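Heads up, the thing below is written out as structure tokens.
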Amino acid sequence: MDKVVLITGAGKGIGREIALVFAKQKFHVAACGRTASDLENLKNEIEHIGSGIYIDVCDISRESEVRGFINKVSEVSGKIDVLVNNAAVAYIGSIFDTDLKTWEQTLKVNLTGTFLITKHTLEFMDEGAHIFNIGSNASKIGFANWSAYCTSKFGLLGFTNSIREELRSKGIKVSAILPGPTNTPLWDSLQGDWDKTKMMEPKSIAEMILHVYSQPADVQTEEVYIIPSSGGL
Ligand code: NAP
């Protein structure tokens, strides 16, 4: 059986590129997101590459959907070698404009959703497995008008650093990937005049993850902080 990589939010943006980069290395891909058509497009492309793929619509913030998705992945593949917690939502707004629903939804997807996927995936991970959590430069820097997003990404880094210590004795590696601005559909729904020519391409982030995964067993890459060579926005 080929190695298995599970990627959340794989229908577009960085997650989609991660799926393609790993599929080209003959990984079997398990992919979720909320938009069925995006996942179908990914499936076609990965089958064209010649790798296997299982897709499912799953909202990572809903435990019953997460459990159903992971159980089906385990039925198809038995074990999971790599987990990439990539799915997230972004929101821009001052503290005055951020309502409770938006605040809670941001934390529920970016933080609680990542917790749920990780918890249920771990049942099917053995020694040698690797978890990647996609944080952000907003895991380290507070940006004005991004408080809900920054809070979720700071929290995600705390979660990442904590489970790394818990999983060390099981031989499971945990890496935080912290990108700066990257040219994905995420920016299209955010109010502002964003210069995408100053951003990184999602493929660059995907290739960095593969590079980290490819390190020898005696190396634990705890954190990768990557910003555009342009200096960013
Ligand atoms: P994107 O283009 O907006 O894609 C996000 C993906 O996550 C979509 O496939 C989306 O699926 C999925 N998703 C969102 N909510 C979900 C949920 N509740 N359940 C399941 N899937 C869900 O974003 P991106 O730019 O590729 O971002 C990927 C990761 O990189 C995120 O963690 C983001 O915070 C991080 N990041 C991005 C940047 C950047 O500049 N782009 C910078 C730093 C960090 P649907 O569309 O079907 O909902």
Side-chain angles (χ1 to χ4, degrees), residues 6-21 29-43 55-70 83-92 102 104-118 120 131-141 143 146 148-157 159-160 175-190 192 194-206 208-209 223-228 230 232-233:
L6 188 155
I7 305 155
T8 64
K12 50 174 79 83
I14 294 171
R16 179 180 166 82
E17 290 300 328
I18 297 167
L20 293 171
V21 160
V29 174
C32 79
R34 291 175 303 181
T35 309
S37 56
D38 285 347
L39 295 170
E40 285 296 340
N41 289 341
L42 177 70
K43 186 169 189 280
I55 55 170
D56 203 359
V57 172
C58 166
D59 182 335
I60 62 163
S61 67
R62 298 187 178 157
E63 187 166 23
S64 58
E65 292 185 28
V66 168
R67 214 185 278 123
F69 170 56
I70 305 286
L83 165 63
V84 187
N85 280 308
N86 166 78
V89 290
Y91 164 78
I92 296 185
T102 306
E104 287 183 338
Q105 185 59 18
T106 306
L107 297 185
K108 200 171 169 195
V109 175
N110 299 5
L111 207 42
T112 308
T114 301
F115 157 75
L116 290 172
I117 287 276
T118 305
H120 290 290
I131 298 172
F132 291 88
N133 289 342
I134 314 297
S136 168
N137 57 348
S139 294
K140 299 237 169 179
I141 302 169
F143 293 102
W146 291 77
Y149 183 76
C150 289
T151 301
S152 72
K153 292 297 186 179
F154 269 66
L156 183 66
L157 188 56
F159 174 67
T160 306
S175 301
I177 305 295
L178 310 179
T182 307
N183 181 5
T184 73
L186 175 136
W187 295 94
D188 300 341
S189 61
L190 297 175
W194 312 112
D195 184 352
K196 286 192 165 180
T197 65
K198 289 189 168 170
M199 298 184 184
M200 296 177 286
E201 288 305 316
K203 191 172 178 199
S204 307
I205 312 300
M208 177 60 80
I209 292 170
E223 191 175 297
V224 181
Y225 190 88
I226 332 165
I227 60 160
S230 70
L233 300 176

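Just so we're clear, the structure is a prediction, and the values are computed from it rather than from any experiment. Both counts, for ligands and for their atoms, begin at 1 and track the order of listing. In what follows, every heavy atom counts, from backbone to side chain, and hydrogens, waters and symmetry copies are set aside.
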Next on the checklist: Under 4.0 Å from a heavy atom of W187: which atoms of ligand 1 are those, numbered in the order shown and with their elements?
Outcome noted: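 Counting atoms of ligand 1 from 1, those under 4.0 Å from W187 are 39 (C), 40 (O), 41 (N).
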
[X] to ligand 1: N or O pair under 3.5 Å?
X    : result
K12  : yes
C32  : no
N137 : no
R34  : yes
T182 : yes

Mark the output for [X] as yes if a heavy-atom distance to ligand 1 is under 4.0 Å, and as no if none is.
X    : result
A90  : no
P185 : yes
A138 : no
T8   : no
P181 : yes
C58  : yes
K108 : no

Next on the checklist: I'd like the name of whichever of I14, V66, V89 reaches closest to atom 37 (C) of ligand 1 through any heavy atom.
Outcome noted: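 It is I14 whose heavy atom sits nearest to atom 37 (C) of ligand 1.
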
Checklist entry - Which part of K153 is near ligand 1, with near meaning a heavy atom under 4.0 Å away: side chain, backbone, both or neither? => result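 Looking at K153 and ligand 1, just side chain atoms fall under 4.0 Å.
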
